[in-house]
Number of protein chains: 2
Amino acid sequence: MPQTLAKIKRDFVEGLSQISRFWGFPKGMGAIFGVLYLSPTPLPLDQIVQETGLTKGAVSTEIRALARMGLVHRSTKLGDRKDYYSAETDFYAAIRSILQERQNSEFDRAVRSVMDTLTTMDENWVDNEEWNFVYQRVQALQDFFNAIDSLAKAVIRLESLGFSNVTKILGVLK
Amino acid sequence: MPQTLAKIKRDFVEGLSQISRFWGFPKGMGAIFGVLYLSPTPLPLDQIVQETGLTKGAVSTEIRALARMGLVHRSTKLGDRKDYYSAETDFYAAIRSILQERQNSEFDRAVRSVMDTLTTMDENWVDNEEWNFVYQRVQALQDFFNAIDSLAKAVIRLESLGFSNVTKILGVLK
DNA sequence: ATGTATGTTTAGTAATTACTAAACAAAATA
DNA sequence: TATTTTGTTTAGTAATTACTAAACATACAT
């Protein structure tokens, strides 16, 4: 039973939807990316609506999120007032972009708030056993976050995390 | 205005809750971990209930998830039929554990399904431009997932991703 | 100006997820 | 055997999130 390209595409898009949901993103997001990723040419919003079965509104908002993450790009054609969207195909670029996005996010605010705990304790120091214990634990967590942060920043700095870099990392970790 | 240890702890736990939510986990999960992380001794379920304000049921189910991820450990005392829970303090161990967990997860099933697309196309090959284009794109995605997978497996293999390893990685990426 | 093609915002609904309260199970103690 | 102490499961509720339908805004075309 020969599979049509249409069916193959649908399955692929379906798979990306599930992956998207797994990572905590709306499944529509994965679907939109999937449709764009399999298209040889940039697509206008209307066509994305057609192919995903979502509404204009949903596609409009979710594609904006995708663009913010650097996973899709918006372009225009001269003499055509539609916007056209295409998928980023350099996934390493996308990862970098996502990591960068994360820097100013709600997450960072929360991390920083946890870390403020240390300052507060410094300023109100009490020298008993429990106090010391808590301080030590919070500091350990801070150290961990800092290590992660260093790695993230290093990755951001790379222009390309191509195979050569991945290979290098694997070599070091061996 | 001197801050009590109790207040400091509450703020810290609150912060971890937000971080937890940011990563797509229930905020109660972060709270439970936070309480355990700041406790010098393992705590029984009842006390976690008290300190987080959640119900027994919620703590019971969420702590099981935390244990599955390797973020908390369950222990018992001889002659005491309570279970006691403590936080994993080696975060690198936790990361390893989470990555491992992920191997058999829904995520992997989805990734594999996407990759099956390639096999299906091989078996039903049609030699036209669009077919080739789609095939190429799907393959590029597979390559990316494979690279990620290699990295994940390398990390899992390390007994300790301590500073030495992080430093090494940073060196390579410079 | 009026109408048409686009994209965005908004207000409400559907679906999902986190959680509660309470029944239940199992095991130890009386 | 009945009672108490623990943890789990379940059924329902609250809160959140993803999405729809439709109003709106803008720019272009007539």
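Just so we're on the same page: letters track the sequence lines, and every chain starts at 1.
- The line from CE of A:M121 to OH of A:Y135 is 8.0 Å long, rounded to the nearest 0.5 Å.
- Computed from coordinates, the B:Y84 OH to D:dT6 C1' distance equals 11 Å when rounded to whole Å.
- Residue B:L54 contributes atom CG, which lies 10 Å from atom C1' of C:dT20 at whole-angstrom precision.
- Between A:R64 and C:dT9, a side-chain N or O to OP1/OP2 separation shorter than 4.0 Å is present.
- Side-chain N/O atoms of A:R137 and B:Y37 include no donor and acceptor closer than 3.5 Å.
- Remark: A:K82 is in phosphate contact with C:dT6, judged by side-chain N or O atoms under 4.0 Å from OP1 or OP2.
- B:L43 has its CG atom 14 Å from the P atom of D:dT6, to the nearest Å.
- Across the interface with DNA chain D, nearest-nucleotide mapping of A:G57 and A:R81 shows A:G57 to be the residue nearer the 5′ end.
- Atom CG of B:D83 and atom NZ of B:K77 lie 12.0 Å apart (nearest 0.5 Å).
- Checking D:dC19, D:dG7, C:dC19 against every side-chain atom of B:R74, the shortest atom distance belongs to D:dG7.
- Of the candidates C:dA21, D:dA23, D:dT8, D:dA23 carries the atom nearest the A:K56 side chain, counting heavy atoms from C-beta on.
- Nearer to the 5' terminus of DNA chain C, by closest-nucleotide assignment, is the contact made by A:D46 (compared with the other of A:D46 and B:E62).
- At whole-Å resolution of the value, CG in B:D80 and P in D:dG7 are 9 Å apart.
- The distance from atom OH of A:Y85 to atom P of C:dT6 is 12 Å, rounded to the nearest whole Å.
- Atom CD1 of A:I48 and atom C1' of D:dC19 are 17 Å apart (whole Å).
- For the atom pair CG (A:L71) and OG1 (A:T89), the distance works out to 11.0 Å, reported to the nearest 0.5 Å.
- Rounded to whole angstrom, the span from the CZ atom of B:R21 across to the C1' atom of C:dC19 amounts to 14 Å.
- In this structure, the nucleotide among C:dC19, D:dC19, D:dT9 sitting nearest to the side chain of A:K27 is D:dC19.
- Here D:dT6 presents its P atom at 12 Å from CD of B:Q47, a figure rounded to the nearest Å.
- In this structure, A:S60 reaches the C:dT8 phosphate: one of its side-chain N or O atoms is under 4.0 Å from OP1 or OP2.
- The hydrophobic clustering, which links ILVMFWY residues whose side-chain heavy atoms are closer than 4.5 Å, places A:Y84 and A:V35 apart.
- Among the protein residues, B:G53 comes within range of the sugar-phosphate backbone only, with heavy atoms under 4.0 Å from sugar or phosphate atoms but none that close to a base.
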